[in-house]
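Take a look at the structure set out below.
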Amino acid sequence: MKEINLNEIQGIKIGNAQNMNGPTGCTVVICEEGAAAGVDVRGGAPGTRETDLLNPVNLVDKIHAVMLSGGSAFGLDAASGAMQYLEERNVGFDVGVTKVPIVCSAVLFDLAIGDFKIRPDKAMGYEACINSELNECRQGNIGAGTGATVGKILGPEYAMKGGLGCYAVQVGELQVGAVIAVNCLGDVVDTSTGKIIAGVLNKEKNGFADTEKIMISKYDEKKNLFSGNTTIGVVVTNGKFTKTEMNKIASMAHNGYGRTIRPAHSMADGDTIFTMATGKTETDINVVGLLAARVVEQAVINAIKNAESILGYKAYNLIAK
């Protein structure tokens with residue numbers, strides 16, 4: 001098994017757009033030929049679009065793009081930009097009079113950082129699609145990770161900067177990769193060391209206070225933890241699968257969140273993973289499922305390690321020891 005760039009996966013391209021005055025942004029993964037797809041929403045506060053059609057009982061069996069976006073529910077508008085971009089290129093589900101692009105989307109909450117009136121919109125979504133023609137795999141304060149933060153149990157004063165992370169691997173002809181925007185309530189752990197690398201800071205802001213310990217110590221307080229969270233992402237493979245199988249792979253991919261984000265899937269997070277398969281290679285679902293968890297795990301870590309400090313939010317390189 002070897003590490004590859006996400007943009008090397010056959011049949012897909014990735015693009016980002018952002019506004020640093022927000023700061024906020026969006027990330028699109030496009031498969032113009034159409035990809036078998038699935039989704040698994042584990043968090044209790046999701047913001048999504050076109051997830052119902054990924055249910056295996058429903059008609060459409062392929063999608064053409066996934067849009068990951070900041071801006072909370074306002075950011076769902078970015079998917080309209082992808083629809084415009086794809087329709088202009090005659091890509092979509094043929095309905096006779098035109099082709100309707102199938103664009104799924106999930107959003108994260110970043111309104112509390114910077115100017116909340118700046119959100120990803122249709123124009124920014126379209127820009128991300130234009131940028132996908134360069135097919136650059138970028139990380140950190142980019143795309144949907146531009147305004148992402150982590151470790152918010154004690155409020156923004158003790159939170160840190162999150163970001164966008166990518167990771168992909170290849171085994172023989174099989175390719176599996178992930179792009180993840182990390183914006184969690186909890187802490188992020190580097191699984192190679194078992195240590196927290198980003199999360200809620202201690203009072204001195206030179207180390208970590210440990211979100212799970214704080215939550216456990218206050219078990220009898222029914223506190224509203226909502227302060228702007230959610231980790232969202234896309235797992236892409238060149239494997240050949242049905243929509244049913246892709247939903248199962250999305251479920252298995254969430255193990256990557258569970259390994260690195262503590263706690264994951266809280267009621268204050270809208271944790272969501274989409275899966276896309278370009279259908280180029282015959283392969284076993286169990287292998288792709290375990291690799292999906294691995295690439296998600298590493299993409300989360302990469303998001304943190306590539307983040308940069310902004311607007312008073314410290315990044316990994318200022319805290320890591």
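The analysis underlying the following values was restricted to heavy atoms, covering all of them including side chains, and did not include hydrogens, waters or symmetry mates. Nothing fancy with the numbering, it's 1 onward along the sequence.
V28 is connected to I14 through a chain of hydrophobic side-chain contacts under 4.5 Å among Ile, Leu, Val, Met, Phe, Trp and Tyr, so both are in one cluster. V288 and M246 fall within a single hydrophobic cluster, where Ile, Leu, Val, Met, Phe, Trp and Tyr side chains are chained together by heavy-atom contacts under 4.5 Å. One hydrophobic cluster, built from ILVMFWY side chains closer than 4.5 Å, holds both V287 and V295. Hydrophobic cluster membership is shared by I63 and M67, with clusters built from Ile, Leu, Val, Met, Phe, Trp and Tyr side chains linked at under 4.5 angstrom. If you chain together hydrophobic residues whose side chains sit under 4.5 Å apart, V107 and V66 never meet in one group.
With contacts defined as side-chain heavy-atom distances shorter than 4.5 Å, the pair V182/I304 qualifies. Considering only heavy atoms from C-beta on, K161 comes within 4.5 Å of N141 through its side chain. Side-chain contact check for I301 versus Q298: some heavy-atom pair is nearer than 4.5 Å. Taking the side chain as every heavy atom from C-beta outward, N19 and R119 never approach each other to under 4.5 Å. Inter-residue side-chain proximity for T230 and F109 is flagged as unmet; no heavy-atom pair is nearer than 4.5 Å. No side-chain heavy atom of D187 sits less than 4.5 Å from a side-chain heavy atom of F208. Put simply, the side chain of R89 does not reach to within 4.5 Å of the side chain of L86, judged on heavy atoms. Counting heavy atoms from C-beta outward, T272 and T231 have side chains that stay 4.5 Å or more apart.
A donor-acceptor pair under 3.5 Å is absent between the side-chain atoms of K248 and the main chain of G289, judged by distance alone. Using modelled atom types, no side-chain atom of D115 and backbone atom of G22 make a donor-acceptor pair closer than 3.5 Å. Checked by atom type and distance alone, the side chain of T242 pairs as donor or acceptor with a backbone atom of E245 at under 3.5 Å. Of the possible polar contacts, none joining the E212 side chain to the R262 backbone as a donor-acceptor pair under 3.5 Å is found. No donor-acceptor pair under 3.5 Å is formed between the side chain of E282 and the backbone N or O of K240. Judged purely by atom type and a 3.5 angstrom limit, T193 uses its side chain to pair as donor or acceptor with the backbone of K195. One N or O on the side chain of K314 and one on the backbone of K205 form a donor-acceptor pair closer than 3.5 Å. Using modelled atom types, no side-chain atom of D210 and backbone atom of I214 make a donor-acceptor pair closer than 3.5 Å. Under a 3.5 Å cut-off, the side chain of D269 and the backbone N or O of D271 do not form any donor-acceptor pair. Between the N255 side chain and the M252 main chain, a donor and an acceptor come within less than 3.5 Å of each other.
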Yes or no on side-chain contact (heavy atoms from CB on, under 4.5 Å) for L108 and D110, after CA distance, side-chain angles and deciding distance? CA-CA 6 Å; L108 56 81; D110 58 6; 3.9 Å; yes

Might you work through the side-chain contact (heavy atoms from CB on, under 4.5 Å) test for D52 and N55, ending with a clear yes or no? CA-CA 6 Å; D52 283 352; N55 187 318; 5.8 Å; no

Show, in sequence, the C-alpha distance, side-chain angles and deciding distance for N247 and I249, and conclude whether the side-chain contact (heavy atoms from CB on, under 4.5 Å) test is met. CA-CA 5 Å; N247 276 279; I249 291 171; over 6 Å; no

Could you go through the side-chain contact (heavy atoms from CB on, under 4.5 Å) check for L318 and S309 one step at a time? CA-CA 8 Å; L318 294 182; S309 300; 3.1 Å; yes

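A donor and an acceptor atom, one from each side chain of R42 and S251, are located under 3.5 Å apart. Residues N16 and T27 bring a donor and an acceptor atom of their side chains to less than 3.5 Å of each other. Counted by atom type alone, T191 and E297 present one or more donor-acceptor pairs between their side chains at under 3.5 Å. Checked by atom type, the side-chain pair T98/E87 shows a donor-acceptor distance below 3.5 Å. If you check the side chains of T278 and N238, you find no donor sitting under 3.5 Å from an acceptor.
Scanning all heavy atoms of the two residues, the minimum distance from S105 to F274 falls at O-CZ, 3.5 Å. Closest of all the heavy-atom pairs between L6 and C137 is CB-SG, 3.8 Å. In terms of heavy-atom proximity, G25 sits nearest to P120 at O-CG, 3.4 Å. The minimum heavy-atom distance linking L201 with A159 is given by the pair CD1-O, 4.1 Å. Closest approach of A299 and A178 over heavy atoms only: CB-O, 4.0 Å. Counting all heavy atoms, side chain and backbone alike, V179 lies closest to V29 at CG1-CG2, 3.8 Å.
Rounded to the nearest 0.5 angstrom, L54 CG and D40 CG are separated by 11.0 Å. Atom CG of N302 is separated from atom SG of C166 by 8.0 Å, given to the nearest 0.5 angstrom. With rounding to the nearest 0.5 Å, the separation of CE in M276 from SG in C104 is 8.0 Å. The distance from atom CZ of F116 to atom CD1 of I118, rounded to the nearest 0.5 Å, is 10.5 Å. Once rounded to the nearest 0.5 Å, the distance linking CD of Q10 with CD of Q170 reads 7.5 Å. Distance CG/N7 to CZ/R138: 12.5 Å, rounded to 0.5 Å.
Geometric assessment of K62 against the ring of F93 yields a negative cation-pi assignment under the 6.0 Å and 45° thresholds.
Here E127 does not pair with K122 in a salt bridge; the nearest charged N to carboxylate O distance is not below 4.0 Å. Using a 4.0 Å cut-off between charged nitrogen and carboxylate oxygen, D190 and K305 count as a salt-bridge pair. A salt bridge does not link E173 with K280: every distance from a Lys NZ or Arg NE/NH1/NH2 to an Asp or Glu carboxylate oxygen is 4.0 Å or more.
Surrounding CZ of R294 are at most 12 heavy atoms belonging to other residues, nucleotides or ligands under 6.0 Å away. For E33, the CD atom sits in a loose shell: 12 or fewer heavy atoms of surrounding residues, nucleotides or ligands are nearer than 6.0 Å.
Between Y126 and Y85, the ring planes lie perpendicular to each other; the angle is over 60°, past the 30° to 60° tilted range.
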